2 protein chains.
Amino acid sequence: MAMQRPFLHPTLDDVTLESVLYALADPVRLSIVCKLSSGNCPMNCSSAAPIRLPKSTQSHHYQVLREAGLIRSERRGTEVVNTLRCTEIDAKFPGIIPAILAAVARGTGCAAAVETKIATITIAEGHAKD
Amino acid sequence: MAMQRPFLHPTLDDVTLESVLYALADPVRLSIVCKLSSGNCPMNCSSAAPIRLPKSTQSHHYQVLREAGLIRSERRGTEVVNTLRCTEIDAKFPGIIPAILAAVARGTGCAAAVETKIATITIAEGHAKD
DNA sequence: TTCAATGGTTCCATCAACATGAACTAAACA
DNA sequence: TGTTTAGTTCATGTTGATGGAACCATTGAA
């Protein structure tokens, strides 16, 4: 049985500012990074992503984050655990990640809204089924 | 004769972290912001954009920067002068813009490569004509 | 006034990249 | 050998970047 394709992580040299900014410019991905950052420990994909997000969409977002150099992914049995590469990134681009996370934490960034929005949709669907 | 359509600038409240990051995630736009920042004075579109960039492309990028809240544009006769709204943005999202500009200034960001790339193309075209 | 030059904008087509639903796969375990 | 779990891959509609062509407003000269 063929081994599953391994994950590719860019070296720090290959990480570009543009890719990092691009990866963080999406509310879902920003929310994932925030959750990984607040958890401070490896998290599998489902637990770090907003609830009720299609798996394919999750997989895509993790790929973007991984290829931008923001996270490191490792297989553990059936699941994939992800950790932030914040320390490395902060060594190359000092201050950027902390400033962004701080903005989100203050509520001026709207990553929190993703959870709220999805919760709202969930509620609306629940009502629709009534 | 009809007045030219006025520019629309978002209020600081309407500026989102995601839009700001998205706008800065493009090498051309990042290069424009750097040039405006280093100049520290209003600059018209052509002088802030990388050389040899088609006018329609410039126009598009200025629109994205304007709608993200990063620049303010005003008509002065036949030209449009642009200024950074860094002070405002920095009040809402402290530290982000300075950290990004610092990364570019150190050469770890690749916005400078835009000019280099275009200069290379220009040289190559020059050679081709020989 | 009329006319050309300047500096941008708008429209359009093209091509690449992203988001997501449907179908598929590897690993773990009964 | 099922069956469940957790992600991946494929196919497709949507969006964004790019750049050529045509257009518009302002300025300055004849």
Side-chain angles (χ1 to χ4, degrees), chain A residues 1-9 16 18-19 21-32 42-68 70-82 114 117-118 121 125, chain B residues 1-9 18-32 42-68 71-83 111 114 117-118 121-122 125:
Chain A
M1 203 179 283
M3 181 60 183
Q4 197 140 351
R5 193 179 301 186
F7 291 125
L8 299 177
H9 298 91
T16 71
E18 283 82 357
S19 305
L21 295 178
Y22 176 79
L24 294 175
D26 180 277
V28 170
R29 291 192 291 261
L30 187 52
S31 137
I32 290 174
M43 264 177 157
N44 71 7
C45 296
S46 316
S47 56
I51 54 175
R52 310 263 306 203
L53 195 65
K55 290 191 295 178
S56 59
T57 307
Q58 286 181 35
S59 196
H60 166 69
H61 286 307
Y62 282 104
Q63 186 183 10
V64 173
L65 289 170
R66 194 161 48 236
E67 291 177 352
L70 281 165
I71 63 172
R72 190 176 296 281
S73 306
E74 289 165 288
R75 297 189 197 282
R76 291 268 172 82
T78 67
E79 55 184 29
V80 174
V81 293
N82 301 283
V114 173
K117 173 185 151 205
I118 290 179
I121 290 169
E125 283 172 353
Chain B
M1 201 180 286
M3 180 60 180
Q4 196 140 351
R5 192 180 303 184
F7 291 124
L8 299 176
H9 298 91
E18 282 81 359
S19 306
V20 168
L21 295 179
Y22 176 79
L24 294 175
D26 181 277
V28 170
R29 292 192 291 263
L30 187 53
S31 139
I32 291 174
M43 265 178 158
N44 71 8
C45 295
S46 316
S47 56
I51 54 175
R52 311 261 307 203
L53 196 65
K55 292 193 293 179
S56 57
T57 306
Q58 284 180 37
S59 198
H60 166 68
H61 286 305
Y62 282 105
Q63 185 183 10
V64 173
L65 288 170
R66 195 160 48 236
E67 291 176 354
I71 63 172
R72 190 174 296 282
S73 306
E74 289 165 289
R75 296 188 198 281
R76 289 269 172 81
T78 67
E79 53 183 30
V80 174
V81 294
N82 301 285
T83 45
V114 174
K117 175 185 150 205
I118 290 178
I121 291 170
T122 308
E125 283 172 353

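Fair warning: this is a prediction, and the values are worked out from it, not measured in the lab. Within every chain, numbering begins at 1; the chains are lettered A, B, ... in the order of the sequence lines, protein sequences first and strands thereafter. When reading the values below, keep in mind they use all heavy atoms of this one structure, side chains included, and skip hydrogens, waters and symmetry mates.
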Grab the N/O contacts between the protein and nucleotides 17-24 of chain C below 3.5 Å, and write none if there aren't any.
| unit_1 | atom_1 | unit_2 | atom_2 | d |
| --- | --- | --- | --- | --- |
| C:dC18 | OP1 | A:Tyr22 | OH | 3.4 |
| C:dA19 | OP1 | A:Asp26 | OD2 | 3.1 |
| C:dA19 | OP2 | A:His60 | NE2 | 2.2 |
| C:dG21 | N7 | A:Ser56 | OG | 2.7 |
| C:dG21 | O6 | A:Ser56 | OG | 3.4 |

Where do N or O atoms of nucleotides 28-30 of chain C meet protein N or O atoms at under 3.5 Å, pair by pair?
none

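Looking at every heavy atom in both residues, B:Ala68 comes nearest to B:Val20 through O-CG2, 3.9 Å. Counting all heavy atoms, side chain and backbone alike, B:Arg66 lies closest to B:Leu8 at CG-O, 3.9 Å.
The distance from atom CG of B:Leu65 to atom P of D:dG16 is 15 Å, rounded to the nearest whole Å. Spacing between atom CZ of B:Arg75 and atom P of D:dA25 amounts to 10 Å, rounded to whole angstrom units. When rounded to the nearest whole Å, the span between CD of B:Glu79 and P of C:dA5 equals 19 Å. Residue B:Leu8 contributes atom CG, which lies 13 Å from atom P of C:dT9 at whole-angstrom precision. If you take OH of B:Tyr62 and P of C:dG7, they are 13 Å apart, rounded to a whole angstrom. Between the C1' atom of D:dG7 and the CD atom of A:Gln63 lies a distance of 12 Å, rounded to the nearest Å. Counting to the nearest Å, the P atom of D:dA17 and the CD atom of A:Glu18 are 13 Å from each other. We find that CG of B:Leu21 is positioned 17 Å from C1' of D:dG16, with the value rounded to whole Å.
The structure places CG of A:Leu30 at 10.0 Å from CG of A:Leu70, a figure rounded to the nearest 0.5 Å. Taken from OG in A:Ser19 to CG in A:Leu24, the straight-line distance is 10.5 Å, to the nearest 0.5 Å. Summarising the geometry, atom CG belonging to A:Asn82 is positioned 8.5 Å from atom CG belonging to A:Leu65; distances are rounded to the nearest 0.5 Å.
The side-chain heavy atoms of A:Arg72 and A:Phe7, taken from C-beta on, include no pair separated by under 4.5 Å. No side-chain heavy atom of A:Gln63 sits under 4.5 Å from any side-chain heavy atom of A:Ser73.
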Side-chain donor-acceptor pairs under 3.5 Å in residues 54-61 of chain B, sequence neighbours left out?
| unit_1 | atom_1 | unit_2 | atom_2 | d |
| --- | --- | --- | --- | --- |
| B:Gln58 | NE2 | B:Leu53 | O | 3.0 |
| B:His61 | ND1 | B:Arg29 | NH1 | 3.1 |

